[in-house]
Participant: 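This structure is in structure tokens; I'll ask about it shortly.
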Amino acid sequence: MNAEQLKIEDLAVRFRLGAGELLVLDHISFTVAEGERLMLLGPSGCGKSTLLKAIAGFQPASAGAIRLEGRVVSEPGPDRFVVFQEFDQLFPWKTVRANVADAVRLTRGLSRSEAARRAESVLAMVGLEAYGDFYPHTLSGGMKQRVAIARAWAIEPIILLMDEPFAALDAITRATLQQETVNIWHRARRTLIFVTHSIDEAMFLGQRIVIMGSRPGRIVEIIDNPYVDTRDKPESAALRQRIRDLLTSSAAREAAA
């Protein structure tokens with residue numbers, strides 16, 4: 001295991017709700033190693049996206065702390081980059097190439113020529129090298145997500161945060177982009193924290209899987225996944241069922257609360 005890169009210490013997040021407060025996350029603690037692929041898995045409403053936004057610096061902690069390489073995370077920065085679920089994350093008036101190159105130039109201070117070279121490289125990595133002069137409105141949803149992923153990798157953040165980026169895609173496109181994410185990770189070896197509510201997606205992409213329960217969001221268990229990068233291995237059925245049981249029992253406790 002590589003050195004510890006991210007540390008979340010007894011994190012709590014509260015939202016103001018009228019005259020009161022809503023506790024969304026409570027007692028969240030775990031670490032992430034440099035270059036690790038970590039999945040946040042849980043039902044809708046358990047605080048996965050809120051946790052991701054807190055790591056990104058968009059959502060302040062109400063208690064506890066998030067430390068990236070020893071520094072407290074208090075605001076967004078180019079060392080963390082988020083890919084969201086929505087397809088329309090691109091500037092519609094810019095070409096595919098410009099969407100990637102301009103983001104790199106502005107966040108990393110590269111020259112136009114250097115940024116353009118990096119854009120060409122990452123677009124090739126996601127199979128869109130022939131679409132550099134196209135505009136976003138001409139692309140399918142899956143292709144737009146490829147551009148968003150390419151832009152994220154091109155910026156070379158310390159940590160790439162992905163918030164259910166494939167949830168709205170058809171099954172074939174989703175599987176293709178999952179595999180492309182793995183392929184890019186094997187080349188770049190950047191830390192990846194990925195939100196999902198799909199057990200299969202979590203098992204394919206995640207070296208470790210953080211199981212979350214709701215009301216308020218807490219960690220149920222953190223599981224080491226020996227079946228990462230594989231699909232439908234017969235021997236993985238027991239782990240898949242264990243994860244399903246953890247999610248089901250968490251949902252049952254919530255319903256009874």
Side-chain angles (χ1 to χ4, degrees), residues 37 39-40 44 48-49 52-53 56 58 76 78-198 200-202 204-206 229 231:
R37 282 155 48 193
M39 306 299 291
L40 302 177
S44 297
K48 303 184 299 296
S49 293
L52 204 75
K53 290 174 183 176
F58 299 143
D79 50 8
R80 287 147 289 138
F81 195 90
V82 185
V83 177
F84 295 100
Q85 179 177 341
E86 295 81 8
F87 296 147
D88 294 326
Q89 302 171 57
L90 308 177
F91 295 114
W93 61 89
K94 293 185 178 183
T95 64
V96 165
R97 183 182 297 105
N99 262 283
V100 177
D102 289 355
V104 174
R105 185 171 55 84
L106 292 172
T107 58
R108 288 303 181 190
L110 300 184
S111 67
R112 290 184 180 277
S113 60
E114 289 173 321
R117 282 195 295 271
R118 186 175 294 183
E120 293 293 344
S121 175
V122 295
L123 288 173
M125 289 168 67
V126 298
L128 292 177
E129 62 269 32
Y131 291 84
D133 294 325
F134 284 59
Y135 285 87
H137 75 273
T138 67
L139 305 180
S140 69
M143 293 170 77
K144 290 178 184 178
Q145 282 298 72
R146 292 187 192 196
V147 178
I149 293 168
R151 181 174 60 185
W153 285 108
I155 289 171
E156 294 187 343
I158 293 174
I159 298 180
L160 178 57
L161 306 164
M162 303 185 80
D163 190 2
E164 299 197 67
F166 311 142
L169 299 173
D170 64 86
I172 294 174
T173 304
R174 182 171 186 165
T176 298
L177 289 181
Q178 288 169 354
Q179 185 61 61
E180 287 183 354
T181 299
V182 169
N183 294 343
I184 295 171
W185 179 87
H186 278 289
R187 295 187 189 114
R189 296 285 177 171
R190 299 278 170 175
T191 304
L192 174 64
I193 302 178
F194 192 113
V195 165
T196 185
H197 59 263
S198 165
D200 288 339
E201 185 166 68
F204 180 68
L205 292 175
D229 291 355
R231 295 190 193 273

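Quantities reported herein were computed from a predicted structural model and do not represent experimental measurements. When reading the values below, keep in mind they use all heavy atoms of this one structure, side chains included, and skip hydrogens, waters and symmetry mates.
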Participant: Please list, chain by chain and in numerical order, all residues satisfying ring pair (Phe, Tyr, Trp, His ring centres under 6.0 Å) with F91, sequence neighbours excluded.
Facilitator: W93
Participant: Within this structure, what is the CG-CD distance for the pair L205 and Q179, rounded to the nearest 0.5 Å?
Facilitator: 9.0 Å
Participant: How would you list, by chain and number, every residue that makes a side chain to side chain donor-acceptor pair (under 3.5 Å) with R189, sequence neighbours excluded?
Facilitator: H186
Participant: Any side-chain heavy-atom pair from Q178 and T196 closer than 4.5 angstrom?
Facilitator: no
Participant: Name all pairs fulfilling the side-chain hydrogen bond (donor to acceptor under 3.5 Å, both in side chains) condition that reach into residues 127-139, sequence neighbours left out, sorted by first residue then second.
Facilitator: R97-D133
Participant: Mind checking what makes side-chain contact (heavy atoms from CB on, under 4.5 Å) contact with R112, not counting sequence neighbours?
Facilitator: R105
Participant: Within a strict 4.5 Å, meaning less than it, do heavy atoms of the V104 and E114 side chains meet?
Facilitator: no
Participant: Can you measure from CD1 (I159) to OG1 (T191) and round to the nearest 0.5 angstrom?
Facilitator: 5.5 Å
Participant: Would a 4.5 Å heavy-atom cut-off, applied to side chains only, mark M125 and W153 as touching?
Facilitator: no
Participant: About how many Å separate CD of Q145 and CG of L139, when rounded to the nearest 0.5 Å?
Facilitator: 11.5 Å
Participant: Minimum heavy-atom separation for L123 to A150, with atom names?
Facilitator: CD2-CB, 4.2 Å
Participant: Can you sort out the partners of F166 under ring pair (Phe, Tyr, Trp, His ring centres under 6.0 Å), two or more places apart, ordered by chain and number?
Facilitator: F194
Participant: First locate atom CD1 of I193, then atom CG of D163, and finally report the distance between them rounded to the nearest 0.5 Å.
Facilitator: 12.0 Å
Participant: Which atom names give the shortest non-hydrogen contact between M162 and I149, and what distance separates them?
Facilitator: CE-CG1, 3.8 Å
Participant: Can you list the residues that meet the salt bridge (charged side-chain N to carboxylate O under 4.0 Å, His left out) rule with D200, with sequence neighbours excluded?
Facilitator: R240
Participant: Mind checking salt bridge (charged side-chain N to carboxylate O under 4.0 Å, His left out) for R151 and listing every partner two or more places apart, or none if nothing turns up?
Facilitator: none
Participant: Quick one: closest heavy-atom pair of K144 and L90, and the distance?
Facilitator: O-CD1, 4.1 Å
Participant: What I'd like to find out is whether the side chain of T181 reaches to under 4.5 Å of the side chain of L192, using heavy atoms alone.
Facilitator: yes
Participant: Under the rule for salt bridge (charged side-chain N to carboxylate O under 4.0 Å, His left out), what residues qualify as partners of R174, not counting sequence neighbours?
Facilitator: E201
Participant: Who pairs with D170 by side-chain contact (heavy atoms from CB on, under 4.5 Å), at least two apart in sequence or on another chain?
Facilitator: I172, T173
Participant: Could you give the distance from CD (E164) to CG (L169), rounded to the nearest 0.5 Å?
Facilitator: 11.5 Å
Participant: For K94, is there any backbone N or O sitting under 3.5 Å from a side-chain donor or acceptor partner on N99?
Facilitator: yes
Participant: What distance do F84 atom CZ and L161 atom CG have between them, rounded to the nearest 0.5 Å?
Facilitator: 9.0 Å
Participant: Any idea which heavy atoms bring V83 and P165 closest together, and the distance?
Facilitator: CG1-CB, 4.0 Å
Participant: Could you work out, with side-chain contact (heavy atoms from CB on, under 4.5 Å) as the rule, every residue matching S113, not counting sequence neighbours?
Facilitator: S111, R117
Participant: Checking A116 now: which residues fulfil side-chain contact (heavy atoms from CB on, under 4.5 Å) with it, not counting sequence neighbours?
Facilitator: none
Participant: Can you name the closest pair of heavy atoms from L128 and R146 and give their distance?
Facilitator: CD1-CB, 3.4 Å
Participant: Quick check: closest heavy atoms across A103 and I155, and the distance to 0.1 Å?
Facilitator: CB-CD1, 4.1 Å
Participant: With sequence neighbours excluded, what pairs up with E156 under the salt bridge (charged side-chain N to carboxylate O under 4.0 Å, His left out) test?
Facilitator: R118, R190
